[in-house]
Visitor: 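Sending over a structure as structure tokens; questions will come in a sec.
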Amino acid sequence: MPAISFQSVSKVFPAKSAGGEPFKALNNVSFDIEEGEFFGLLGPNGAGKTTLISILAGLAKASEGRVLVHGHDVQTDYAQSRRLLGVVPQELVFDPFFSVREALRFQSGYFGVKKNDAWIDELLESLGLADKANANMRQLSGGMKRRVLVAQALVHKPRVIVLDEPTAGVDVELRQTLWQFVAKLNREGSTVLLTTHYLEEAEALCGRLAMLKQGRVLALASTSELLKSASSNVLRFKIDGQLPAELAAKARITGRIVQFPAHDAVDIETYLAAVRQAGLVAEDVEIRKADLEDVFLDVMSEGQA
């Protein structure tokens with residue numbers, strides 16, 4: 001039995017104004033996540049990732065289709081399916097009247113969990129919150145509040161952990177602390193569903209990935225299979241100046257860094273010659289294997305409506 005099963009899930013939001021068109025956020029999304037998987041859900045802003053997670057968590061209702069958590073329908077068997085889930089939302093939502101430890105005890109109570117102070121202590125220690133246990137939530141920095149959100153999601157020891165952009169806008173230390181702890185829980189049997197814009201995180205952590213665009217699944221495969229599907233290596237270098245428009249249209253440009261897909265040595269020399277002809281100097285030239293970001297951009301471009 002899958003840990004999570006999305007079965008022909010669609011979600012349509014009504015038109016925002018009279019005469020407007022309804023918005024289809026999800027379009028017949030179907031895939032399963034097996035027990036014990038570390039699964040990544042990727043897509044640009046507006047792809048439908050958070051809508052799908054909201055339906056999974058019971059915060060929104062699908063227009064069509066079903067979602068099951070270990071066989072429990074999230075609508076008809078909400079209490080049991082929700083008990084199996086630990087969801088870390090994007091937004092920093094917290095109660096300003098409680099200390100960190102009190103917040104975790106109250107969260108435990110929502111799930112009927114009592115006398116779990118040893119697990120709360122382990123969460124506090126593992127997430128770098130031990131010295132903040134008695135601090136009021138209002139006193140914490142944004143990064144520390146996000147650590148508390150993670151602890152709240154895990155306090156009832158859910159079988160399925162859902163992380164919706166958990167490291168957005170947080171420091172490197174928290175990212176490393178979080179991934180070490182979540183990877184440990186995954187090794188011990190927890191299923192993890194992750195959405196992230198940090199594709200290097202997804203590549204390093206996720207065994208399998210789904211890529212969404214405009215509410216549709218464009219790719220669903222293991223991370224290694226997706227990387228193998230990359231059509232080329234990548235030529236990477238730095239320049240001072242601007243590439244001609246025709247050349248820039250073929251490149252991925254980030255500040256001074258320029259990257260081109262390169263199938264063979266002829267492609268490499270052709271691009272470098274064109275750069276020289278434009279009066280520019282390529283510095284720090286290197287050839288690298290395509291990574292998940294390259295695959296992601298290829299999939300998204302192929303899925304243009």
Side-chain angles (χ1 to χ4, degrees), residues 1-9 26 29-43 48-60 62 65-90 107-108 110-111 113 116 119 122-123 126-127 149-167 175 177-196 198-199 201-212 217 219-226 292:
M1 179 190 300
I4 302 173
S5 182
F6 296 106
Q7 301 178 356
S8 302
V9 178
L26 294 171
V29 172
S30 294
F31 61 88
D32 290 344
I33 300 173
E34 300 303 325
E35 186 170 5
E37 275 200 279
F38 203 128
F39 190 94
L41 186 61
L42 307 180
K49 305 184 300 297
T50 296
T51 301
L52 195 63
I53 285 175
S54 295
I55 293 170
L56 170 64
L59 302 175
R66 299 175 73 204
V67 181
L68 307 177
V69 181
H70 283 283
H72 300 278
D73 190 294
V74 299
Q75 289 295 324
T76 61
D77 195 2
Y78 173 77
Q80 186 59 30
S81 64
R82 186 64 185 85
R83 194 172 291 117
L84 294 166
L85 288 172
V87 182
V88 182
Q90 285 189 37
Q107 186 74 10
S108 302
Y110 295 146
F111 293 96
V113 178
N116 64 335
W119 175 238
E122 184 175 341
L123 286 173
S126 298
L127 292 168
L149 285 185
V150 175
Q152 285 181 309
L154 300 177
V155 77
H156 61 292
K157 292 190 175 180
R159 292 172 66 182
V160 180
I161 303 167
V162 182
L163 305 169
D164 191 9
E165 299 286 351
T167 55
R175 289 170 68 181
T177 300
L178 174 61
W179 294 136
Q180 286 171 4
F181 188 48
V182 172
K184 173 177 174 287
L185 295 176
N186 178 243
R187 289 192 299 272
E188 293 172 353
S190 297
T191 304
V192 181
L193 170 58
L194 166 70
T195 78
T196 180
Y198 297 108
L199 296 183
E201 287 184 347
E203 183 175 341
L205 293 163
C206 299
R208 203 158 60 98
L209 298 162
M211 295 185 181
L212 268 65
V217 177
L220 176 63
S222 71
T223 307
S224 59
E225 287 171 346
L226 286 167
L292 190 59

Visitor: Any heavy-atom pair between the side chains of Pro166 and Tyr198 that's under 4.5 Å?
Guide: no
Visitor: The test is side-chain contact (heavy atoms from CB on, under 4.5 Å); show your working for Leu26 and Ile55 and say whether it passes.
Guide: CA-CA 11 Å; Leu26 294 171; Ile55 293 170; 3.7 Å; yes
Visitor: Between Leu226 and Ala219, which heavy-atom pair has the shortest distance, and what is it?
Guide: CD2-CB, 4.2 Å
Visitor: The test is side-chain contact (heavy atoms from CB on, under 4.5 Å); show your working for Val182 and Phe38 and say whether it passes.
Guide: CA-CA 10 Å; Val182 172; Phe38 203 128; 3.9 Å; yes
Visitor: Check whether any side-chain N or O of Ser81 sits under 3.5 Å from a backbone N or O of Val69 as a donor-acceptor pair, and report yes or no.
Guide: no
Visitor: Rounded to the nearest 0.5 Å, what separation is found between the CG atom of Leu292 and the CD atom of Glu201?
Guide: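 The distance works out to 11.5 Å.
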Visitor: I need the minimum non-hydrogen distance between Glu34 and Arg208, along with the two atoms involved.
Guide: N-NH2, 4.3 Å
Visitor: Within this structure, what is the CE-CG distance for the pair Met211 and Leu220, rounded to the nearest 0.5 Å?
Guide: 10.5 Å
Visitor: CG of Leu41 to OG1 of Thr195: how many Å apart, nearest 0.5 Å?
Guide: 6.5 Å
Visitor: Would you please name every residue forming a side-chain hydrogen bond (donor to acceptor under 3.5 Å, both in side chains) with His156, sequence neighbours left out?
Guide: none
Visitor: Give me the one residue out of Leu123, Leu127, Ile161 that meets side-chain contact (heavy atoms from CB on, under 4.5 Å) with Val150.
Guide: Leu127
Visitor: On a heavy-atom basis, which atom in Leu68 and which in Gln7 lie closest, and how many Å separate them?
Guide: CD1-NE2, 3.5 Å
Visitor: Got a sec, which pairs hit salt bridge (charged side-chain N to carboxylate O under 4.0 Å, His left out) with one end in residues 74-90, sequence neighbours left out?
Guide: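 Sorted pair list comes back empty.
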Visitor: Taking the side chain from Lys49 and the backbone from Gly43, do they hold a donor-acceptor pair closer than 3.5 Å?
Guide: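 The answer is yes, because a donor-acceptor pair under 3.5 Å joins these two groups.
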Visitor: Measure the spacing between CD1 of Ile53 and CG of Leu163 and express it to the nearest 0.5 Å.
Guide: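 Output value for this atom pair is 8.5 Å.
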Visitor: Please evaluate residues Glu37 and Leu193 with respect to the criterion side-chain contact (heavy atoms from CB on, under 4.5 Å), reporting the C-alpha separation (whole Å), side-chain torsions for both, the decisive distance (0.1 Å), and the verdict.
Guide: CA-CA 8 Å; Glu37 275 200 279; Leu193 170 58; over 6 Å; no
Visitor: Could I get the full list of side-chain hydrogen bond (donor to acceptor under 3.5 Å, both in side chains) partners for Lys184, not counting sequence neighbours?
Guide: Glu188
Visitor: Ala202 and Thr196: which non-hydrogen atoms are nearest, and at how many Å?
Guide: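 Scanning both residues completely, I find the closest heavy atoms to be CB-CG2, 4.1 Å.
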Visitor: As a quick check of understanding, evaluate side-chain contact (heavy atoms from CB on, under 4.5 Å) for Tyr110 and Val155, giving each step before the final call.
Guide: CA-CA 10 Å; Tyr110 295 146; Val155 77; over 6 Å; no
Visitor: Is the side chain of Asn186 donor-acceptor paired with the backbone N or O of Gly36 at a distance under 3.5 Å, no angle test?
Guide: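 Side chain of Asn186 to backbone of Gly36: a pair is present.
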Visitor: Is the backbone of Trp119 close enough, under 3.5 Å, to the side chain of Asn116 for a donor and an acceptor to pair up by distance?
Guide: no
Visitor: On the 0 to 90° scale, with breaks at 30° and 60°, tag the Phe31-Phe39 ring pair as parallel, tilted or perpendicular.
Guide: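 Phe31 and Phe39: parallel rings.
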Visitor: Does His70 reach the side chain of Gln80, with side-chain heavy atoms less than 4.5 Å apart?
Guide: no
Visitor: Tell me if a side-chain donor or acceptor on Ser30 pairs with a main-chain N or O of Ser8 at a distance below 3.5 Å.
Guide: yes
Visitor: Roughly how far, to the nearest 0.5 Å, is CD1 of Ile4 from CG of Leu56?
Guide: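 Rounded to the nearest 0.5 Å, the CG-CD1 separation comes to 5.0 Å.
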Visitor: Atom CZ in Phe6, atom CG in Leu52: separation rounded to 0.5 Å?
Guide: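 Spacing of CZ (Phe6) from CG (Leu52) equals 4.0 Å.
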Visitor: Where the side chain of Ser222 meets the backbone of Gly207, is there a donor-acceptor pair that is under 3.5 Å apart?
Guide: no
Visitor: Considering all heavy atoms of both residues, which atom of Pro158 and which atom of Leu84 are nearest to each other, and what is their separation?
Guide: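 That would be CB-O, 3.5 Å.
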Visitor: Restricting to non-hydrogen atoms, name the atom on Leu85 and the atom on Ala57 that form the minimum distance, rounded to 0.1 Å.
Guide: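 Heavy atoms only, the tightest pair is CD1-CA, 4.2 Å.
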